[in-house]
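To start, the structure itself, in structure tokens.
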Amino acid sequence: MTRARMPRPHEVAAARRDARLLRAAAERQLDEAWRTRGACQAVDPETFFPAPSEPADTAMALCRTCDVQGACLAWALEVGDCHGVWGGTTPRERRAMLVAWRGQVTRGAETIDSGPPMRDLSLELVPVS
């Protein structure tokens with residue numbers, strides 16, 4: 001198993017401008033029943049959790065056709081899920097989005113600084129041996 005690396009600053013900067021992240025912020029918590037309308041309902045869940053050596057193309061193509069893509073991505077970012085395909089993003093893309101999401105939460109015209117990402121806080125608390 002490989003260890004996920006922290007996203008680089010240019011990846012986080014690109015994630016902040018990503019249309020999928022902007023859609024997720026806009027659709028955040030607007031619809032509690034988004035899961036019932038997902039295009040993934042009729043597909044084997046294994047499709048969205050390919051092995052590291054397998055491409056996620058099938059899942060990504062299905063997500064692009066889904067009406068609840070923004071709500072799905074918002075949920076994955078809220079809970080910090082970095083496994084599988086959620087909201088049309090790969091785990092690598094979501095790691096960069098997660099830093100942007102947790103660093104600055106947007107609600108309408110108001111921007112709330114939520115501080116450093118939780119992952120960064122936990123890294124500071126663990127002593128290095």
Side-chain angles (χ1 to χ4, degrees):
M1 179 187 277
T2 60
R3 183 176 160 181
R5 65 170 177 78
M6 286 296 293
R8 295 186 173 100
H10 72 277
E11 292 171 324
V12 175
R16 283 191 176 109
R17 296 184 305 270
D18 193 310
R20 296 170 298 182
L21 181 65
L22 299 175
R23 179 179 175 183
E27 296 179 14
R28 180 175 185 235
Q29 298 176 344
L30 289 180
D31 181 14
E32 296 294 326
W34 63 269
R35 287 179 191 243
T36 61
R37 294 189 326 279
C40 57
Q41 291 298 306
V43 180
D44 181 10
E46 293 289 321
T47 304
F48 298 93
F49 297 92
S53 60
E54 296 176 6
D57 298 342
T58 305
M60 295 292 283
L62 187 63
C63 284
R64 281 192 287 275
T65 67
C66 188
D67 293 334
V68 295
Q69 181 181 3
C72 178
L73 177 57
W75 178 86
L77 293 170
E78 283 290 323
V79 299
D81 194 333
C82 285
H83 301 286
V85 175
W86 291 93
T89 60
T90 63
R92 183 176 183 170
E93 292 170 324
R94 240 178 4 270
R95 280 191 293 275
M97 288 180 179
L98 191 56
V99 173
W101 184 267
R102 288 185 175 166
Q104 211 172 47
V105 178
T106 305
R107 292 190 181 124
E110 179 185 3
T111 300
I112 302 161
D113 185 7
S114 62
M118 188 60 90
R119 183 172 177 178
D120 288 350
L121 288 174
S122 63
L123 288 175
E124 291 173 9
L125 299 175
V126 177
V128 179
S129 358

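Shortest non-hydrogen contact noted between D67 and R23 is O-NH2, 3.0 Å. Contact between V85 and C63 at its shortest, heavy atoms only, is CG1-SG, 3.8 Å. Scanning both residues, G70 and E27, for their nearest heavy atoms gives CA-OE1, 3.4 Å. What you find for R95 and P7 is that their closest heavy atoms are O-CG, 3.5 Å. Nearest approach of A39 to T65, heavy atoms of both residues: CB-OG1, 4.4 Å.
In this structure, the side-chain contact (heavy atoms from CB on, under 4.5 Å) partners of T90, at least two apart in sequence or on a different chain, are M60, R92, E93.
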query = Please walk me through it: do V43 and F48 pass side-chain contact (heavy atoms from CB on, under 4.5 Å)?
reply = CA-CA 9 Å; V43 180; F48 298 93; 4.1 Å; yes

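Cluster membership for V99 and V79, using ILVMFWY side-chain heavy atoms within less than 4.5 angstrom, is not shared. Linking Ile, Leu, Val, Met, Phe, Trp and Tyr residues whenever their side-chain heavy atoms come within less than 4.5 Å leaves V12 and L22 in two separate clusters. The hydrophobic cluster containing V68 also contains W75, counting ILVMFWY residues as joined when their side-chain heavy atoms lie under 4.5 angstrom apart, directly or transitively.
Judged purely by atom type and a 3.5 angstrom limit, Q41 has no side-chain atom pairing as donor or acceptor with the backbone of G38. Side-chain atoms of R94 come within 3.5 Å of backbone N or O of G84 as a donor-acceptor pair. The backbone N or O of G87 lies less than 3.5 Å from no partner atom in the side chain of R20, so there is not a single donor-acceptor pair. Counting only distance, with no hydrogens or angles, the side chain of R16 and the backbone of A100 share no donor-acceptor pair below 3.5 Å.
Using a 4.0 Å cut-off between charged nitrogen and carboxylate oxygen, R28 and E78 count as a salt-bridge pair.
Distance check: T89 OG1 to L73 CG gives 5.0 Å after rounding to the nearest 0.5 Å. The structure places CG of L77 at 9.5 Å from SG of C72, a figure rounded to the nearest 0.5 Å. The structure places OG1 of T47 at 12.5 Å from CG of D57, a figure rounded to the nearest 0.5 Å. Rounding to the nearest 0.5 Å gives a distance of 13.0 Å between OG1 of T58 and CD of E46. Distance CG/D18 to CD/E11: 12.5 Å, rounded to 0.5 Å.
Classification of the W34-W86 ring pair by plane angle, with boundaries at 30° and 60°, yields perpendicular.
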